Amino acid sequence: MKHAIILLGLLAARPAWAQEWPQFRGPGGRGISEETGFPVEWGKDRGIRWKIDLPGRGLSSPVIAGGRLYVTACTGPEQDRLHVFCFDARSGAKRWERQFRATGSTQCNSKTCMAAPTPAADGTGVFALFATGDLAALDRDGALLWYRSLCGDYPTIGNNVGMAASPVLHDGALLVAMENVGDSFVSGIDARTGANRWKQSRPQKINWTTPLVAGGLVLFQSPDELAALDPRTGAKRWGVAGKFASIPSPVDGGGEIFAPGGPLVALRRDGAKDWESAALASATASPSYYQGKLYTINSGGVVACADPKDGTVLWRERAAGPQSASPVFAEGRMYVVSEKGVTTIFQLGDEPKKLAENALEETFVASPALWGGAIYLRSDRALYCIGK
């Protein structure tokens with residue numbers, strides 16, 4: 001009986017199940033959480049579990065693995081001081097911080113910064129890529145495992161207006177896109193050693209889209225082509241030419257791949273085109289597939305819900321704008337964060353219902369993260385945990 005009581009006490013003390021949020025847009029790059037208990041209403045003086053002021057700018061989203069939250073930032077007049085932070089995801093307690101000196105160019109558009117790519121993480125640690133081409137692997141306690149200056153390895157990389165493609169961790173490899181006007185390439189980097197497993201040249205064009213792993217392949221979207229490569233070897237399996245977007249990233253769902261651009265294109269996983277729609281063109285936010293429906297958002301904050309079978313628009317609804325962050329989904333709801341810090345929440349269905357508009361009055365470009373029944377928002381200067 002005594003052992004049973006102890007066991008019950010231990011079970012009660014365990015945190016509720018929480019789905020990892022290990023990369024840009026969470027599991028599979030879809031922006032979806034299967035958890036429950038997320039908040040609907042908050043403001044600058046209510047509903048905030050904790051807020052942490054960060055020392056510098058960043059557009060990277062927070063990622064969460066093993067109960068630890070990782071986020072990057074950059075400081076200094078030239079944005080040449082690069083920061084990686086680790087916090088306890090529940091309490092906000094700071095576990096550690098590491099700083100590095102940039103080895104590549106810090107030139108960029110004023111809207112972005114050097115801490116634009118979102119890190120990738122798992123239970124053992126984090127991989128932080130910066131727009132300078134600096135790539136650091138750290139364990140969960142902050143010990144440096146390896147460090148690469150990609151601009152040092154490939155000096156003609158042209159960081160003209162800033163880079164923002166986020167790395168994706170898959171099967172022991174870090175899948176990285178460094179598409180630019182100089183040495184443009186995609187690569188599979190060994191997560192344990194930092195050495196290239198493979199490297200493939202890409203068109204010399206500025207591009208900020210994040211790789212997508214779908215159907216056993218890794219997809220790289222660039223302005224003129226969506227290419228599918230074997231993530232183990234880098235061998236090209238197929239490619240589709242088109243006018244694809246250079247900022248929002250593709251998403252998969254229902255056996256289809258939805259590649260944003262003008263127009264949005266729906267493809268089968270073998271690269272065959274099913275349909276395209278100019279009415280679903282995206283600006284900055286990536287498209288989403290949730291509960292059998294396709295969603296896009298334009299720069300003004302207008303949400304379009306479409307039938308993924310043929311692209312027919314089912315409804316449109318306006319959220320607060322202007323809009324850069326990609327939306328997230330949970331419990332049949334859609335969370336849309338505007339650049340001015342207003343989160344519009346829709347209850348989804350045949351007719352959407354606007355549940356709330358929650359303002360924090362800061363600049364938000366980073367996409368949210370969902371974990372443990374809380375919403376994690378990152379502004380230009382602070383990190384918020386919204387939840388009970």
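Every value quoted in this text rests on a predicted model; they were computed, and no experiment measured them.
At least one donor-acceptor pair closer than 3.5 Å links the side chain of Gln204 to the backbone N or O of Gly182. No side-chain donor-acceptor contact under 3.5 Å links Asp230 to the backbone of Gly234. A donor-acceptor pair under 3.5 Å is absent between the side-chain atoms of Ser282 and the main chain of Ser286, judged by distance alone. Tyr376 places a side-chain N or O within 3.5 Å of a backbone atom of Ala89 that can act as its donor or acceptor partner. Put simply, the side chain of Arg378 never gets that close to the backbone of Ala366: no donor and acceptor are under 3.5 Å apart. Checked by atom type and distance alone, the side chain of Gln347 pairs as donor or acceptor with a backbone atom of Gly332 at under 3.5 Å. In this structure a side-chain-to-backbone donor-acceptor pair under 3.5 Å is missing from Asp141 to Ala143. A distance-only check finds a donor-acceptor pair linking the side chain of Arg49 to the backbone of Arg90 [under 3.5 Å]. Glu35 contributes a side-chain N or O that, together with a main-chain N or O of Gly372, makes up a donor-acceptor pair within less than 3.5 Å. Side chain of Lys354 to main chain of Arg318: a donor-acceptor pair is present (N/O by atom type, distance under 3.5 Å, no hydrogens or angles).
Applying the ring pair (Phe, Tyr, Trp, His ring centres under 6.0 Å) test to every pair with at least one member in residues 102-131, sequence neighbours left out, gives no pairs at all. Within the structure, ring pair (Phe, Tyr, Trp, His ring centres under 6.0 Å) contacts touching residues 326-356 (residues at least two apart or in different chains) are Tyr290-Phe329, Tyr295-Phe329. Counting only residues at least two apart or in different chains, ring pair (Phe, Tyr, Trp, His ring centres under 6.0 Å) contacts with residues 191-236 are absent. Applying the salt bridge (charged side-chain N to carboxylate O under 4.0 Å, His left out) test to residues at least two apart or on different chains, the pairs with a partner in residues 144-153 are Arg148-Asp153. For the ring pair (Phe, Tyr, Trp, His ring centres under 6.0 Å) condition, no pair includes a residue of residues 23-48, sequence neighbours left out.
Not counting sequence neighbours, the partners of His83 by the ring-ring contact (aromatic ring centres under 6.0 Å, His included) test are Phe85. For Arg381, there are no side-chain hydrogen bond (donor to acceptor under 3.5 Å, both in side chains) partners, not counting sequence neighbours. Remark: Arg95 engages Asp88 in a side-chain hydrogen bond (donor to acceptor under 3.5 Å, both in side chains) (not counting sequence neighbours). Remark: Arg46 pairs with no residue by the side-chain hydrogen bond (donor to acceptor under 3.5 Å, both in side chains) rule, at least two apart or across chains. For Asp224, the side-chain hydrogen bond (donor to acceptor under 3.5 Å, both in side chains) test picks out Lys205, with sequence neighbours left out.
The 12-atom threshold is exceeded at CD of Gln291, counting heavy atoms of other residues, nucleotides or ligands nearer than 6.0 Å. Counting non-hydrogen atoms of neighbouring residues, nucleotides and ligands closer than 6.0 angstrom, the CZ atom of Arg232 reaches no more than 12 such neighbours. In this structure, Asp350 places its CG atom where only 12 or fewer heavy-atom neighbours from other residues, nucleotides or ligands lie under 6.0 Å away.
The closest side-chain donor-acceptor pair between Thr343 and Asn358, if any, does not fall under 3.5 angstrom. For the residue pair Glu339 and Ser324, a side-chain donor N or O sits within less than 3.5 Å of a side-chain acceptor on the partner. In the model, Ser288 has a side-chain atom that pairs as donor or acceptor with a side-chain atom of Arg25 under 3.5 Å. Thr72 and Ser60 form a side-chain donor-acceptor contact under 3.5 Å, judged by distance and modelled atom types alone.
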- Query: Do Leu360 and Leu377 pass the side-chain contact (heavy atoms from CB on, under 4.5 Å) test, and can you show the C-alpha distance, the side-chain angles, and the key distance before you say yes or no?
  - Reply: CA-CA 10 Å; Leu360 290 178; Leu377 301 176; 3.9 Å; yes
| So Leu144 and Phe100, side-chain contact (heavy atoms from CB on, under 4.5 Å) or not? Walk me through it. | CA-CA 11 Å; Leu144 183 65; Phe100 305 95; 4.1 Å; yes
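Residues Asp80 and Arg101 meet the side-chain proximity criterion, which asks for heavy atoms closer than 4.5 Å. When side chains are defined from C-beta on, Trp21 counts as touching Pro27, because their heavy atoms get closer than 4.5 Å. Residues Leu150 and Leu129 are in side-chain contact: their nearest non-hydrogen atoms beyond the backbone lie under 4.5 Å apart. Residues Trp146 and Leu135 have side chains in contact (heavy-atom distance under 4.5 Å, counting atoms from C-beta outward). Val213 has its side chain within reach of Leu175: a pair of non-hydrogen atoms, C-beta onward, lies under 4.5 Å apart. Between Trp315 and Glu317, the closest side-chain pair of non-hydrogen atoms falls below 4.5 Å. Side-chain atoms of Leu82 and Met114, non-hydrogen and from C-beta on, do get closer than 4.5 Å to each other. Contact of the Phe185 side chain with the Ile157 side chain is registered, since non-hydrogen atoms from C-beta on lie closer than 4.5 Å.
Atoms OG1 and CG, on Thr363 and Asp380 in that order, are 5.5 Å from each other to the nearest 0.5 Å.
Between Glu225 and Arg202, at least one side-chain N (NZ, or NE/NH1/NH2) sits under 4.0 Å from a carboxylate O, which counts as a salt bridge.
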Return a table of donor-acceptor pairs under 3.5 angstrom between the side chains of residues 252-267 and protein atoms on other chains or two or more places apart.
from	atom 1	to	atom 2	distance (Å)
Asp252	OD1	Arg30	NE	3.4
Asp252	OD1	Arg30	NH2	3.1
Asp252	OD2	Arg30	NH2	3.1
Asp252	OD2	Arg269	NH2	2.6

Check residues 115-125 and write down every donor-acceptor pair under 3.5 Å in which the side-chain atom is one partner and the other belongs to a residue at least two apart or another chain.
from	atom 1	to	atom 2	distance (Å)
Thr118	OG1	Ser61	N	2.9
Asp122	OD1	Thr124	N	2.9
Asp122	OD1	Thr124	OG1	2.6
Asp122	OD1	Gly125	N	3.2

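The side-chain tip of Lys199 points at the ring of Tyr154 from less than 6.0 angstrom away and within 45° of straight on.
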